[in-house]
J.: 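Pasting a structure here, questions to come.
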Amino acid sequence: MIIMSLKALRTHFTGEINPEADNGQTVTLSGWAHEIRDLGGITFLVLRDRTGRAQVTILKKKVDPELLETVKRMSRESVITVTGTIKAEPKAPNGYELMPESITVVTVAESPLPMDTTGKVDAELDTRLDNRFMDLRREEQTAVFVIRDTVQAAIRDFFRENKFVETTTSKIVAAATEGGTDLFPISYFDREAFLNQSPQLFKQMLMSAGLDRVYEIGPIFRAEEHDTRKHLNEATSIDIEMSFADHEDVMELLENMIVYIYEQVVEKCQKSLAVLEKELQIPKLPFNKYTYEQVLDIINNEIPEIEDKMQFGDDIGTQAEHLFGEYVFNKTGESHYFIIDWPTETKPFYAMPYEDRPEISKSFDMMHRMMELSSGAQRIHQYDLLVERIEAKGLNPDGFDFYLKPFRFGMPPHAGFGVGAERLIMTMLELDNIREAVLFPRDRKRLSP
RNA sequence: GUCCAGAUAGUGUAGGGGACUAUCAUGGGGCCCUGUCGAGGCCCCGACCCGGGUCCGAAUCCCGGUCUGGACGCCA
């Protein structure tokens, strides 16, 4: 069942009203006073809620003068409740207007407002984030998070359908184990602890636990002092791990997940997409795959903008990543693709090396033409090899007891990946800045709100 | 972390030694207006990031600070 609002405050959302079917009906709407346009004999009050806007039309000659006074004194962005009759009206936005019987100001909004909500005057991202509660009242911002809700619901549908168990693992960990990134230290009673950079090690332990297929959508924390449009210090990771599977299996799972998400958003979010003026192109299956060495080859031979020749083992820098993404897009028309078979040395210790060519690993990155969206691999499930790889990375296996023990008592072969949820939203909706995909972003400089 | 750019009413901007009593829009206040939908018209209100310096004179030039945006690095 759906829990309804108190009838005195809301019988409908604005978006639920059908001009023809509901014509003549008395309804109660609650929301914010978006705009008030006083033309003299006629005054238009625009009420906004999560689903859209409704025009309340007040005719001077036909309403109680006190009601008109209430509207004239009302400040923009005050919370209001309006009860009135629906009138189908082609001249009104959305094809209907509300002829009010009563209008109540529930809470008064102060003036001036910290930013404009109507789209008339831009605000800088910093101003918007400082006043995020008000920024989110703008329909474009509401749309992003309505779509994000659909994305997260689609992910849950998809994995449940594929027999995955949703898990939640601890975000507080004892040691900076995985390497590769800086962690946030925190105080844990009388000990030092850290905010977890990734659920990776927990997911793998759950493979030994026999849960077989797990996924988690949760926060990850990185203390990197980067300052870019595509980095956050607190991000949301869509993390999965799958037993009795290899990297090829999870790549297939991943590309199918992405396509399912896009399909669901196209199916369920037309209104929000229209607000954002976006038409989604659903990626084609299967995604194109390029080996790391093919990528180097193409960069070295077909992308003259990169002057320094790349060698095996080099990282693919931002410029090369962008140019290669463009190259793939021009060639195939697709934004998403895989880079596979990375050098073992550039990937984390748990990535499985190929038996016949141990210098490369059964690893992959799933790319959007603008950035990396996901990375994954078949994992090492053999205890001795894992210890060897930990040591080869210059890490001390003694710090990994809790993680290594399951590998000594029955660990199935397994593979998995992690996807940056914000990057997925950002690339899908072509947002300029990843912060727009997070309600309350945490970056190098921002700790509130 | 490196490099580049920037900070002017609540918001977004113009102005780069004197004409600045600082532009425009939005907003707020007032008046007029019965079909607005970025409503319109008239009047009013509201700002040069902080600290030093140069100069007869600084929003404007110089130095330091703080904050912000972007690119790169590192990373997802």
Side-chain angles (χ1 to χ4, degrees), chain A residues 34-46 48 53-63 68 72-73 75-77 87 89-95 97 99 109-131 134-135 138 178-183 197-200 219-239 315-322 346-348 364-368 370-376 417-424 426-427 432-435 437 443-446:
Chain A
H34 185 69
E35 274 192 296
I36 301 144
R37 278 193 283 272
D38 178 2
L39 275 66
I42 188 167
T43 299
F44 300 104
L45 164 65
V46 179
R48 187 194 64 243
R53 298 179 209 158
Q55 174 170 286
V56 181
T57 302
I58 302 118
L59 293 165
K60 192 175 181 179
K61 287 184 181 163
K62 295 197 176 171
V63 301
L68 189 60
K72 284 192 169 172
R73 278 201 311 268
S75 58
R76 287 163 66 236
E77 296 301 324
K87 184 181 156 203
E89 172 55 71
K91 278 186 281 189
N94 307 320
E97 58 193 6
M99 309 309 289
E110 287 178 24
S111 156
L113 299 170
M115 57 174 284
D116 170 59
T117 57
T118 64
K120 287 178 199 165
V121 187
D122 288 340
E124 289 192 6
L125 185 59
D126 201 49
T127 305
R128 291 171 43 204
L129 293 176
D130 281 342
N131 301 285
M134 186 151 286
D135 181 46
R138 297 163 64 228
E178 202 180 322
T181 190
D182 292 324
L183 302 194
Q197 69 182 97
S198 148
Q200 182 61 30
I220 56 170
F221 303 91
R222 309 269 163 113
E224 299 287 339
E225 297 196 5
H226 36 225
D227 221 339
T228 76
R229 295 182 302 162
K230 61 179 184 183
H231 292 276
L232 292 164
N233 292 297
E234 179 183 25
T236 308
S237 176
I238 303 155
D239 248 283
D315 279 325
I316 299 172
T318 305
Q319 192 199 6
E321 183 181 292
H322 288 170
T346 66
K347 284 290 171 184
F364 59 87
D365 281 2
M366 198 272 285
M367 311 293 296
H368 179 275
M370 289 311 296
M371 70 190 74
E372 179 183 338
L373 291 186
S374 171
S375 65
F417 59 75
V419 178
E422 288 80 12
R423 287 187 173 191
L424 180 62
M426 178 187 182
T427 52
D432 290 334
N433 195 307
I434 198 165
R435 292 162 181 81
D443 61 38
R444 171 98 175 81
K445 290 162 185 166
R446 182 171 292 279

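Letters A, B, ... mirror the listed sequences (proteins, then strands); counts begin at 1.
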J.: Students often get this wrong, so: under 4.0 angstrom with heavy atoms, is A:Asp38 touching a base, only sugar-phosphate, or nothing?
T.: base
J.: So, is A:Thr127 near the phosphate of B:G12, with a side-chain N or O under 4.0 Å from OP1 or OP2?
T.: yes
J.: Categorize A:Gly40 for me: base, sugar-phosphate, or nothing, with a 4.0 angstrom heavy-atom threshold over every strand shown.
T.: base
J.: Could you let me know what B:A7 is paired to, Watson-Crick or G-U wobble, both distances under 3.5 Å, or none if it's on its own?
T.: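 Pairing partner: B:U66.
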J.: Need one value for A:Glu321: base, sugar-phosphate or nothing, where a base atom within 4.0 Å counts as base even if backbone is also close, heavy atoms only.
T.: nothing
J.: Would you say the side-chain atoms of A:Thr118 and A:Glu35 include a donor-acceptor pair closer than 3.5 Å?
T.: no
J.: Between P on B:G69 and CG on A:Leu129, what's the gap in Å once rounded to a whole number?
T.: 9 Å
J.: Given the C1' atoms of B:G15 and B:C75, what is the spacing between them in whole Å?
T.: 42 Å
J.: Determine the interatomic distance between P on B:G10 and the same-named atom on B:A47; round to the nearest Å.
T.: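 My reading of the P atoms in B:G10 and B:A47 gives 7 Å.
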J.: Take atom CG of A:Asp122 and atom C1' of B:U26, then tell me their distance rounded to the nearest Å.
T.: 11 Å
J.: Mind listing the closest non-hydrogen atom pair of A:Phe221 and A:Leu183 along with its distance?
T.: O-CD2, 4.4 Å
J.: Take the protein atom CD of A:Glu224 and the nucleotide atom P of B:C74, then report the distance between them rounded to whole Å.
T.: 11 Å
J.: Select base, sugar-phosphate, or nothing to describe what A:Pro114 touches, counting heavy atoms under 4.0 Å on all strands.
T.: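 Counting heavy atoms under 4.0 Å across all strands, the contact made by A:Pro114 is with sugar-phosphate only.
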J.: Return whichever of A:Lys230 or A:Asp126 has its heavy-atom-nearest nucleotide of RNA chain B closer to the 5' end.
T.: A:Asp126
J.: Are A:Arg229 and B:A71 close enough that a side-chain N or O sits under 4.0 Å from OP1 or OP2?
T.: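 Yes.
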J.: Closer than 4.0 angstrom, basic N to acidic O: yes or no for A:Asp130 and A:Arg446?
T.: yes
J.: Applying a 4.0 Å non-hydrogen cut-off, can you work out what A:Glu89 is touching in the nucleic acid: base, sugar-phosphate, or nothing?
T.: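 Since a base atom lies under 4.0 Å of A:Glu89, the category is base.
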J.: Write down the distance between CZ (A:Arg222) and P (B:C75), rounded to a whole number of angstrom.
T.: 11 Å
J.: Which of these nucleotides, B:C74, B:U34, B:U11, is closest to any side-chain atom of A:His231?
T.: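 Closest of the options to the side chain of A:His231: B:C74.
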J.: What's the gap between B:G52 and B:G57 when it is taken at their P atoms, as a whole Å value?
T.: 16 Å
J.: Write down the distance between CG (A:Leu39) and P (B:C33), rounded to a whole number of angstrom.
T.: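 Those two atoms, CG and P, are 11 Å apart.
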J.: Rounding to an integer number of Å, can you tell me how far A:Lys61 NZ sits from B:U34 P?
T.: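 After rounding, the gap between these two atoms is 8 Å.
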J.: Could you please name the partner base of B:U2, counting Watson-Crick and G-U wobble pairs only when both distances are under 3.5 Å?
T.: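 Paired with B:U2, as far as the under-3.5 Å criterion goes, is B:A71.
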J.: Please classify the nucleic acid contact of A:Thr228 as base, sugar-phosphate, or nothing, using heavy-atom distances under 4.0 Å.
T.: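 Here A:Thr228 touches the bases of the nucleic acid.
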J.: Is there a side-chain polar atom (N or O) of A:Asn433 under 4.0 Å from OP1 or OP2 of B:G70?
T.: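 Indeed, a polar side-chain atom of A:Asn433 lies that close.
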J.: Categorize A:Lys60 for me: base, sugar-phosphate, or nothing, with a 4.0 angstrom heavy-atom threshold over every strand shown.
T.: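 It contacts nothing in the nucleic acid.
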J.: Base, sugar-phosphate, or nothing for A:Arg446, non-hydrogen atoms under 4.0 angstrom?
T.: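 A:Arg446: no heavy atom of the nucleic acid under 4.0 Å.
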J.: If I pick the P atom on B:G16 and the same atom on B:C32, what distance separates them, to the nearest angstrom?
T.: 42 Å
J.: Give a yes or no on whether a donor-acceptor pair under 3.5 Å exists between the nucleobase atoms of B:G73, that is its base, and the side chain of A:Glu225.
T.: no
J.: Could you please name the option among B:G12, B:G28, B:G73 that lies closest to any side-chain atom of A:Thr318?
T.: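 In terms of side-chain proximity for A:Thr318, the closest of B:G12, B:G28, B:G73 is B:G73.
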J.: Expressed as a whole number of Å, how far does the P atom of B:G12 sit from that of B:A7?
T.: 13 Å
J.: Tell me whether A:Glu77 is salt-bridged to A:Arg48, with the criterion being a basic N under 4.0 Å from an acidic carboxylate O.
T.: yes
J.: Within 90° of 0 counts as syn, otherwise anti: where does B:G52 fall?
T.: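 With its glycosidic angle more than 90° from zero, B:G52 counts as anti.
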J.: Within this structure, what is the CG-to-C1' distance between A:Leu125 and B:A7, rounded to whole angstrom?
T.: 16 Å
J.: If we call it a pair only when both distances are under 3.5 Å in a Watson-Crick or G-U wobble match, what pairs with B:G18?
T.: B:C56
J.: Partner of B:C45 by Watson-Crick or G-U wobble geometry, both contacts under 3.5 Å, or none?
T.: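 Base partner found: B:G27.
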J.: Tell me yes or no: between the side chains of A:Thr236 and A:Glu422, is some donor less than 3.5 Å from an acceptor?
T.: yes
J.: Using the P atom as the point on both nucleotides, what is the distance between B:G41 and B:U36, in whole Å?
T.: 15 Å
J.: Distance between the C1' atoms of B:C48 and B:U13, in whole angstroms?
T.: 13 Å
J.: Do the side-chain N or O atoms of A:Lys120 get closer than 4.0 angstrom to the phosphate oxygens (OP1, OP2) of B:G27?
T.: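 Indeed, a polar side-chain atom of A:Lys120 lies that close.
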J.: Among B:G12, B:G10, B:G35, which nucleotide sits nearest the side chain of A:Gln55?
T.: B:G35
J.: Looking at the base of B:U68, is there any donor atom on it, or on the side chain of A:Glu124, that sits under 3.5 Å from an acceptor on the other one?
T.: no
J.: Whole angstrom is fine here: how far is it from CD1 in A:Ile36 over to P in B:G28?
T.: 8 Å
J.: Nearest to the side chain of A:Asp315, which nucleotide is it out of B:G35, B:C74, B:G38?
T.: B:C74
J.: Considering only B:U68, B:G35, B:A25, which nucleotide approaches the side chain of A:Ala92 most closely?
T.: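 When the side chain of A:Ala92 is considered, B:G35 is the closest of B:U68, B:G35, B:A25.
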J.: A:His226 and A:Arg444: which non-hydrogen atoms are nearest, and at how many Å?
T.: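 Minimum heavy-atom separation between A:His226 and A:Arg444: O-CB, 4.0 Å.
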J.: Contact class for A:Leu373 (heavy atom, under 4.0 Å): base, sugar-phosphate, or nothing?
T.: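 Contact class for A:Leu373: none.
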J.: Taking all non-hydrogen atoms of both residues into account, name the closest pair between A:Lys230 and A:Arg423 and its distance.
T.: O-NH2, 3.0 Å
J.: Do any side-chain nitrogens or oxygens of A:Arg76 fall under 4.0 Å of OP1 or OP2 in B:G28?
T.: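 The answer is yes; a side-chain N or O of A:Arg76 sits under 4.0 Å from OP1 or OP2.
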J.: So which nucleotide from B:G69, B:G35, B:C75 ends up closest to the side chain of A:Lys91?
T.: B:G35
J.: Sticking with atom P, work out how far B:G29 lies from B:U21, rounded to a whole angstrom.
T.: 29 Å
J.: Side chain of A:His226, heavy atoms from C-beta onward: which of B:G35, B:C37, B:G73 has the nearest atom to it?
T.: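 Of all the options, the side chain of A:His226 is nearest to B:G73.
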J.: Remember a base hit wins even if backbone is also touched, and classify A:Gly119 as base, sugar-phosphate or nothing at under 4.0 Å, heavy atoms.
T.: nothing
J.: Just to verify, which of A:Thr228, A:Leu125, A:Asp443, A:Leu129 counts as forming a side-chain contact (heavy atoms from CB on, under 4.5 Å) with A:Asn433?
T.: A:Leu125
J.: Looking only at heavy atoms, which two atoms of A:Arg76 and A:Ala109 are closest? And how far apart?
T.: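 The answer is O-CB, 3.4 Å.
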